[in-house]
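These values consider heavy atoms only, across backbone and side chains, with no hydrogens, waters or symmetry-generated copies. Residue numbering restarts at 1 for every chain, and letters A, B, ... go by the order of the sequence lines. Owing to the predicted nature of the structure, the values given are computational and were not obtained by experimental measurement.
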Protein chains: 2
Amino acid sequence: MTETVVDTKTRILDAAEKLFADKGFYATSLRDITAEADVNLAAVNYHFQTKDSLIDAVIGRRIAPVNRLRLEMLAAAGPHPSVEQIVAAFVAPLLERGISPMLPMMGRALASPDLFLFRIFKKHLAAVADQFGKAFETALPSLSSAERMWRLLFMAGSMAHVLSWSHVVGEMTEGVCDPTDREDVTARLVRFVAAGFRATEPPRSAQPADAVRLGAA
Amino acid sequence: MTETVVDTKTRILDAAEKLFADKGFYATSLRDITAEADVNLAAVNYHFQTKDSLIDAVIGRRIAPVNRLRLEMLAAAGPHPSVEQIVAAFVAPLLERGISPMLPMMGRALASPDLFLFRIFKKHLAAVADQFGKAFETALPSLSSAERMWRLLFMAGSMAHVLSWSHVVGEMTEGVCDPTDREDVTARLVRFVAAGFRATEPPRSAQPADAVRLGAA
DNA sequence: GTCTATAGGTTGATAGAC
DNA sequence: GTCTATCAACCTATAGAC
């Protein structure tokens, strides 16, 4: 035991994290949070000013360490990482090694297509996206940049879906899938996504360029 | 032009579909909807009783035709469809052939891990999930059922992410990816997911069973 | 079927005592 | 830093005239 007493600010962050995951960012009221955290309503405004800035703080405190670990894992894979190593470096720091209480909340955030949340992620993800983009580029040099970017989006989607729906995966599959075995899920996801990245892209000429499209009709 | 006049009920459904996509189900108020639809507030309660049942109606009117088309495409692929044909039969009816205004809203619904939405999808998806599960089973007989189900979830996640984030894909990729070319996106997604499904699963013995895990330490 | 009016409750945020 | 009290705005849902 390191500390059993937690200060008000942290209690608010913890409670908000839990409730945001359960009910969503907008559906959770400040009163829900203060009740869960057992603090006064005004404390939220004192520590975080507005609800939006509380949301930013809840996401921000978790995303930074994850991204740091991502870059560490990518660097540890050496100058010529395999596709599997790149995918694992992106996925495992959150899915396998991320602390449990943040996972459903991160899933919610990744899966909510709100501009406000998008800005938060964009701010924190800039360095990571750059490094991983380059890594994929050297590992799969034959891939067009459009195809590479689409596949990054597909990867993010699979990961987000696992995070956000894992609480019903058990019921959904009648116990066949166990989302609590995080190493297992991570291994399966890495296998799937890496294979997707390795898929051969049809030659450019097979897909009609603008000229062809305009020339027709 | 077939009909320029639309009845109140449809106007409410159309407006709700648009606003649910933009702001989310909970963040959209009935007043937002009646303002957008240019109808009276009480009309919503007259036609749909409650907000929850309106959400159900908005999703329900779109999901049925999509699922019908999915089963048609799967049947049209014959008794021994390829993995690509199965994936395309699941993905294309929504992503490529679904009518445009429903796409962002469907993305939002698929990506919101709320039990209420899950129940709606479960109700409508039962027959489809069964057929597609069987199709994958015969196309990829060596896959364990757990791995097959996880991959179905990964597939759904990639598709949902494309639907829900396509409005920022342009900005995100600085114009390299064009989400408005729906045939192109669909082809890329089918390629990616099919390759993921074809990935070889490591033999059961390579992954420690419970006995091994318990036996250790 | 469509309207006005309103009930009854919740929300985010703040002012000001301690 | 933490509290009580409160504001103004907003919400869903309904009752009842037309």
Side-chain angles (χ1 to χ4, degrees), chain A residues 3-61 105 108-109 112 114-120, chain B residues 3-61 105 108-109 112 114-120:
Chain A
E3 274 289 345
T4 55
V5 182
V6 212
D7 65 344
T8 301
K9 199 169 175 176
T10 305
R11 290 235 302 289
I12 293 171
L13 286 171
D14 290 344
E17 181 169 73
K18 177 183 185 302
L19 291 170
F20 287 160
D22 285 353
K23 319 205 309 173
F25 296 95
Y26 195 93
T28 302
S29 71
L30 296 182
R31 282 170 174 82
D32 291 338
I33 296 169
T34 56
E36 170 84 23
D38 199 33
V39 302
N40 188 273
L41 173 60
V44 176
N45 293 91
Y46 174 77
H47 287 286
F48 301 98
Q49 291 78 47
T50 69
K51 186 180 176 180
D52 274 2
S53 116
L54 170 62
I55 295 174
D56 198 343
V58 168
I59 299 176
R61 99 169 147 154
M105 180 264 155
R108 188 67 91 156
S112 304
D114 297 294
L115 241 64
F116 172 63
L117 296 174
F118 175 64
R119 304 283 172 222
I120 296 177
Chain B
E3 272 290 345
T4 55
V5 181
V6 211
D7 64 345
T8 301
K9 198 167 175 177
T10 306
R11 291 234 303 288
I12 293 171
L13 286 170
D14 291 344
E17 181 170 70
K18 178 184 184 302
L19 291 169
F20 286 161
D22 286 353
K23 320 204 310 171
F25 296 96
Y26 195 92
T28 301
S29 71
L30 295 182
R31 281 172 173 78
D32 292 338
I33 295 168
T34 55
E36 171 83 22
D38 199 33
V39 301
N40 188 274
L41 174 60
V44 176
N45 292 92
Y46 175 75
H47 286 288
F48 301 98
Q49 291 80 45
T50 69
K51 185 180 175 179
D52 274 2
S53 117
L54 170 63
I55 295 175
D56 199 342
V58 168
I59 298 176
R61 97 168 149 155
M105 179 265 159
R108 187 70 88 155
S112 305
D114 297 294
L115 243 64
F116 173 61
L117 295 174
F118 175 63
R119 304 281 171 224
I120 295 177

Exercise for the section: Using the test salt bridge (charged side-chain N to carboxylate O under 4.0 Å, His left out), find all partners of A/Lys51 that sit at least two apart in sequence or belong to another chain. Expected result: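 Residues passing salt bridge (charged side-chain N to carboxylate O under 4.0 Å, His left out) with A/Lys51: none at all.
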Handout entry: Carboxylate-amine/guanidinium contact A/Arg108 B/Asp114, below 4.0 Å
Key =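 The answer is yes: the pair qualifies as a salt bridge.
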Length of the [atom1]-[atom2] vector between [X] and [N], whole Å:
| X | N | atom1 | atom2 | result |
| --- | --- | --- | --- | --- |
| A/Phe48 | C/dG12 | CZ | C1' | 16 Å |
| A/Asn45 | C/dT11 | CG | P | 14 Å |
| B/Asp52 | D/dA13 | CG | C1' | 13 Å |

Practice task
Sequence neighbours left out, what passes side chain to side chain donor-acceptor pair (under 3.5 Å) with A/Lys23? Give chain and number order.
Solution key: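 Applying side chain to side chain donor-acceptor pair (under 3.5 Å) to A/Lys23 gives A/Asp32.
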Practice task
Over all heavy atoms of both residues, which pair between B/Lys9 and B/Phe48 is shortest? Give the atoms and the distance, please.
Solution key: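 Answer, listing the atom of B/Lys9 first, then B/Phe48: CG-CZ, 3.6 Å.
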Problem - Nucleic acid contacts - residues 12-23 of chain A versus DNA chain D, non-hydrogen atoms under 4.0 Å - result: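 Of all residues in residues 12-23 of chain A, none places a heavy atom under 4.0 Å from DNA chain D.
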Between protein and nucleic acid, restricted to nucleotides 1-7 of chain D and to nitrogen or oxygen atoms under 3.5 Å apart, what atom pairs and distances do you find?
residue : atom : partner : partner atom : Å
D/dT2   : OP1  : A/Thr8  : OG1          : 3.0
D/dT2   : OP2  : A/His47 : NE2          : 3.0
D/dC3   : OP2  : A/Asn40 : N            : 3.4
D/dT4   : OP2  : A/Asn40 : ND2          : 3.0

Handout entry: Test side chain to side chain contact (heavy atoms under 4.5 Å, CB included) applied to A/Tyr26 - qualifying residues, sequence neighbours left out
Key =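 Counting only residues at least two positions away or on another chain, A/Tyr26 forms a side chain to side chain contact (heavy atoms under 4.5 Å, CB included) with B/Tyr26, B/Ala27.
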Practice task
Using the test side chain to side chain contact (heavy atoms under 4.5 Å, CB included), find all partners of B/Thr10 that sit at least two apart in sequence or belong to another chain.
Solution key: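 B/Thr10 satisfies side chain to side chain contact (heavy atoms under 4.5 Å, CB included) with B/Val6, B/Asp7, B/Asp14, B/Arg61 once adjacent residues are dropped.
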Exercise for the section: Output yes when a side-chain donor or acceptor of A/Ser53 lies under 3.5 Å from a complementary backbone atom of A/Gln49, and no otherwise. Expected result: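 Checked: no pair found.
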Handout entry: C/dT10 OP1/OP2 closer than 4.0 Å to side-chain N/O of A/Ser29
Key =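 Looking at the OP1 and OP2 atoms of C/dT10, neither is under 4.0 Å from any side-chain N or O of A/Ser29.
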Practice task
Check each of A/Val58, A/Ile33, A/Ile12 against A/Glu17 using the side-chain contact (heavy atoms from CB on, under 4.5 Å) test, and report the only one that passes.
Solution key: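 Only match with A/Glu17 under side-chain contact (heavy atoms from CB on, under 4.5 Å): A/Val58.
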